[in-house]
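Okay, structure first, notes after.
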Amino acid sequence: MIKGRRVAGRGEEMSANYAFGTFAEDEVIIKQRLLTRTTTTRGEPPLKKLQKRFTTFATEIEKDSENNFADCEKFYKAFLQEMMTFELPLLKSKAVVDANLREKESFNELQEEIKSQICQAKSDIEELKKQLEKSRVERRHKEECEAVRKLVASWPPRSETEKLIADLETEIAALEAEDASCVRMLDLRRKQFSLLLHVVEELQNTIIEDEQRNLGDDQKLSSEELSGGVGSDAMAVD
């Protein structure tokens, strides 16, 4: 239990150290592993093994011995085998790189297409905004026209209105004719009343003159009677 805990503690400590390592250090390690084809920390790196095979082959060739042909061929085959072993991951890596480049190119094309679609979508949105504003204006006009239509519909038809106007014009003409007749009648009555007043005035004047004449006659008669009575009395006295 104690050893298990210690191992777990070391693993956690290594993970923590790796997690908190700087990005530059990680980049250097990855770059070094890619250059030396080192995938693990155990064993000899492939590039170093290839270098050793080449050095061994070159050293065997440089020997002056004439009986080392078999060894040279053996080292040559070993070198070729090691080179093929070293080249295979390179070919795989190249295939991966080519696939990544194609994928990157495809991604760039997709990105350009998405940008074009975004621009088209923005253009469509602006166009739809204009259409929406135009539709709002048209709807407002339709609502105003509907309100005017309802207002017009609330009034009677034109034929009824024209008939009513004609009736009113006829009635107005009749009233004007009646007014004119009344004016003529009033003028006639005014003239008749003026004539009546004139006749009454003349009649009054005639009555006054007759009364004055009668009064004069009465006075004259009284005077004559008075004069006649005095004469009779005088004669009687005599």
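Worth saying up front: this structure is predicted, and the values here are computed from it rather than measured. Just so you know, these numbers use all the heavy atoms, side chains as well, and skip hydrogens, waters and symmetry mates. Residues: numbered from 1 along the sequence shown.
- Across all their heavy atoms, Arg213 and Asp210 have their closest contact at NH1-OD1, 2.7 Å.
- Using a 4.5 Å heavy-atom cutoff, the side chains of Asp179 and Val183 are in contact.
- In this structure, Asp98 pairs ionically with Lys94, as a charged nitrogen and a carboxylate oxygen lie closer than 4.0 Å.
- With Thr161 contributing its side chain and Pro157 its backbone, the two residues share a donor-acceptor pair below 3.5 Å.
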May I have the list of side-chain donor-acceptor pairs in residues 117-131 shorter than 3.5 Å, sequence neighbours left out?
{"unit_1": "Gln117", "atom_1": "NE2", "unit_2": "Glu113", "atom_2": "OE2", "d": "3.4"}
{"unit_1": "Gln120", "atom_1": "NE2", "unit_2": "Asp124", "atom_2": "OD1", "d": "3.1"}

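- Between Glu105 and Leu101 the shortest side-chain heavy-atom distance does not fall below 4.5 Å.
- At least one side-chain heavy atom of Glu103 sits under 4.5 Å from a side-chain heavy atom of Asn100.
- Using a 4.0 Å cut-off between charged side-chain N and carboxylate O, Asp187 and Arg190 make a salt bridge.
- Counted within 6.0 Å of CD on Glu202, heavy atoms from surrounding residues, nucleotides or ligands total more than 12; the atom is thus considered enclosed.
- Linking Ile, Leu, Val, Met, Phe, Trp and Tyr residues whenever their side-chain heavy atoms come within less than 4.5 Å leaves Leu186 and Phe193 in two separate clusters.
- Looking at Arg140 and Glu143, no side-chain N of the basic residue comes within less than 4.0 Å of a carboxylate O on the acidic one, giving no salt bridge.
- Residues Arg158 and Glu162 are paired through a salt bridge, judged by an N-O separation under 4.0 Å between the basic side chain and the carboxylate.
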